[in-house]
Each structure stands twice: as C-alpha cells, then as structure tokens.
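In this text the structure is predicted, and so the values were computed from the model without any measurement.
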Amino acid sequence: MKKLFAEFFGTFWLVFGGCGSAIFAAGIPDLGIGFAGVALAFGLTVLTMAYAVGHISGGHFNPAVSFGLWAGGRFSAKDLIPYIIAQCIGAIAAAGTLYTIASGKAGFVIDNTKAGAFASNGFGTFSPDGYSLQSAFIAEFVLTLFFLLVILGATDKFANGRFAGIAIGLALTLIHLISIPITNTSVNPARSLSQAIFTGGEPLSQVWLFWVAPILGAIVAGFIYKNLLQNHAEA
C-alpha cells in the first residue's frame with residue numbers, strides 16, 4: 001500500500017504542478033510563464049517527487065512508465081494494474097483540486113471548444129498549433145520512447161543513481177519544450193485522462209490517443225533498452 005500511496009501522491013503533484021502552471025500562470029499578460037515555464041514546471045514535479053517518494057515506489061507517476069519498466073524487465077506485471085489505478089486516481093484528484101481552485105475566480109468556465117482548455121491534450125483543431133492526428137501520434141510515441149530510454153538508462157545499476165531524478169526531470173522538461181505546440185504534451189495517460197474528464201467534449205473523445213501512443217512508445221523503449229542497450233555483465 002505504501003507504494004500505491006507514493007504513486008498517488010507523486011502523480012497528484014505532477015498534475016497539480018504541471019497542469020496547474022498551465023492553467024493559472026502561463027497566460028497572464030506580461031507576467032505569465034509561457035510554454036517554457038510550463039515545461040519547467042512539469043520537469044520539476046517529477047524531479048522533486050523522484051527524490052521524495054521514488055525510493056518507495058520507484059517513482060513512476062505515469063502508466064506509460066510502468067509499462068515501459070515492465071517491458072524492460074524492471075517491473076512485475078502483477079503490479080501494473082494497481083499502479084495504474086493509483087496513478088489515475090492521483091491525477092483525477094489533482095484535476096479536481098485544480099478545478100475547485102479555478103472555480104473561485106469570477107467568470108471561470110472551461111471552453112471545451114478550444115485547444116488546450118483546462119490543460120487538456122488534443123490533435124487536429126484541438127492541437128495548440130493545429131497538428132494532425134498522425135503528427136500527434138508520432139510525437140507522443142517518439143517522445144515517450146526516448147523518455148523511457150532516459151529513465152531506464154539513468155536508473156540502470158551501472159549508472160550513477162544519485163542523479164537519476166535530475167536526468168529524468170530535465171528529460172520531461174525537454175519533451176514539453178518540443179511538444180506543447182503539437183499536443184499540449186501528454187507522454188502520460190493519467191495526466192491526459194484527468195484533464196479530459198473535467199474538460200469533456202472533443203478532448204475527452206480524443207484521449208484514447210494519449211493512452212495508446214505513449215504506452216506503445218514506452219513498451220518499445222523497454223524492449224530496445226533490454227535487448228540492445230543494457231549491459232548484462234555482472235557488476
């Protein structure tokens with residue numbers, strides 16, 4: 001149970017910090033943090049929670065990461081469903097908290113006809129810069145693949161594990177710097193689901209892509225690292 005609570009709190013922090021920065025701080029005229037600030041916020045959430053609770057649960061905070069670690073031989077299949085449930089509950093709880101806070105401002109309403117509403121992900125007319133389904137799928141697949149390669153490499157028994165959280169957090173920052181204009185950046189099915197539930201409409205109907213593409217990318221990365229990159233020699 002401690003592992004599941006760690007995944008709950010870690011995923012809550014990721015969604016609350018990352019999506020919260022997009023909802024509250026990104027668009028304020030003259031003082032807003034913009035895309036770069038949101039990218040950094042997502043990276044910081046993972047970095048901080050990796051050191052806070054990573055030693056308890058492994059610090060997945062993302063169903064795609066759990067699948068990728070399973071494919072790479074680092075995670076048991078029997079723990080996949082409990083981890084994913086804990087991650088999704090944490091993400092939805094964070095989105096609910098964000099919604100409650102946002103509702104305290106006069107005139108607040110989620111316009112689910114606009115791209116990026118309530119930090120949701122999307123493609124086509126719901127992509128921040130109008131990218132197609134194909135572009136969105138490729139971006140989410142490739143970026144999650146490389147995210148998992150960083151995670152698997154940084155946490156390898158031959159790597160310097162003390163700095164793994166920094167490498168992983170910076171990797172997520174870079175991923176957001178690349179892909180916020182494309183899909184508003186997912187690489188995390190729980191993060192996409194939580195925002196889509198509160199947004200509704202087309203963003204909710206498009207959320208399937210932000211489960212399929214990241215999970216496939218993560219699984220491919222797991223097999224690549226395990227079979228092509230991992231050093232199997234004894235320490």
Side-chain angles (χ1 to χ4, degrees), residues 11 14-15 18-19 22 26 35 38-39 42-43 45-46 60-72 75 80-81 83-84 87-88 91-92 95 112-153 168 170-229:
T11 313
L14 184 152
V15 171
C19 295
F35 283 177
V38 173
F42 271 101
T45 62
V46 170
H60 299 191
F61 319 142
N62 180 339
V65 171
S66 297
F67 271 103
L69 292 174
W70 164 76
F75 189 61
L80 271 174
I81 298 302
Y83 263 55
I84 291 169
Q87 292 156 359
C88 288
I92 293 168
N112 62 14
T113 66
K114 292 185 177 180
F118 202 59
S120 59
N121 302 114
F123 54 83
T125 57
F126 290 86
S127 157
D129 205 26
Y131 287 86
S132 68
L133 184 157
Q134 180 180 357
S135 295
F137 192 98
I138 293 170
E140 291 290 329
F141 178 91
V142 171
L143 290 168
T144 312
L145 188 154
F146 276 90
F147 188 38
L148 264 294
L149 290 181
V150 171
I151 292 171
L152 288 162
I168 295 166
L170 289 176
L172 190 60
T173 299
L174 175 59
I175 285 167
H176 280 77
L177 289 173
I178 295 167
S179 62
I180 287 177
I182 303 171
T183 62
N184 216 22
T185 310
S186 172
V187 301
N188 185 333
R191 167 261 188 274
S192 295
L193 177 65
S194 63
Q195 303 313 117
I197 286 174
F198 284 86
T199 305
E202 189 65 19
L204 184 58
S205 71
Q206 292 186 358
V207 79
W208 65 268
L209 184 145
F210 303 103
W211 277 80
V212 175
I215 288 174
L216 287 179
I219 290 173
V220 171
F223 287 130
I224 289 173
Y225 193 86
K226 182 179 180 180
N227 295 293
L228 297 180
L229 299 175

Go through it in stages, so that I can follow the logic: the residues are L177 and F35, the test is side-chain contact (heavy atoms from CB on, under 4.5 Å), and I'd like the CA-CA distance, side-chain angles, deciding distance and then a yes or no. CA-CA 7 Å; L177 289 173; F35 283 177; 5.8 Å; no

Could you check whether any side-chain N or O of [X] sits under 3.5 Å from a backbone N or O of [Y], counting only pairs where one atom can act as donor and the other as acceptor?
X    : Y    : value
S120 : A196 : no
R191 : T185 : yes
N112 : L204 : no
E140 : P214 : no
N184 : A115 : no

Nearest heavy-atom pair of [X] and [Y]: which atoms, and what distance?
X    : Y    : answer
A221 : L152 : O-CD1, 3.9 Å
T144 : A64  : CG2-CB, 4.0 Å
A119 : A22  : CB-CB, 4.2 Å
S192 : F210 : OG-CB, 3.3 Å
T183 : N121 : O-ND2, 3.1 Å
P189 : I215 : CG-CG1, 4.1 Å

From CA spacing to verdict: side-chain contact (heavy atoms from CB on, under 4.5 Å), F137, S132: CA-CA 9 Å; F137 192 98; S132 68; over 6 Å; no

Would you compute the distance between atom [atom1] of [X] and atom [atom2] of [Y] and round it to the nearest 0.5 angstrom?
X    : Y    : atom1 : atom2 : result
W211 : S186 : CH2   : OG    : 9.5 Å
I84  : N62  : CD1   : CG    : 9.5 Å
Y83  : T11  : OH    : OG1   : 10.5 Å
I92  : L193 : CD1   : CG    : 5.0 Å
L174 : F146 : CG    : CZ    : 11.0 Å
D129 : S179 : CG    : OG    : 12.5 Å

Dump the intermediate steps for side-chain contact (heavy atoms from CB on, under 4.5 Å) on N188 and V15, then the final yes or no. CA-CA 10 Å; N188 185 333; V15 171; 6.0 Å; no

Can you label the angle between the F118 ring and the F198 ring as parallel, tilted or perpendicular, going by 30° and 60°?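 Because their plane-to-plane angle lies in the 30° to 60° range, the rings of F118 and F198 count as tilted.
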
Could you check whether T125 and E202, counting side-chain N and O atoms only, form a donor-acceptor pair closer than 3.5 Å? no

Check the pair V212, F141 against side-chain contact (heavy atoms from CB on, under 4.5 Å), reporting the backbone distance first and the verdict last. CA-CA 9 Å; V212 175; F141 178 91; over 6 Å; no

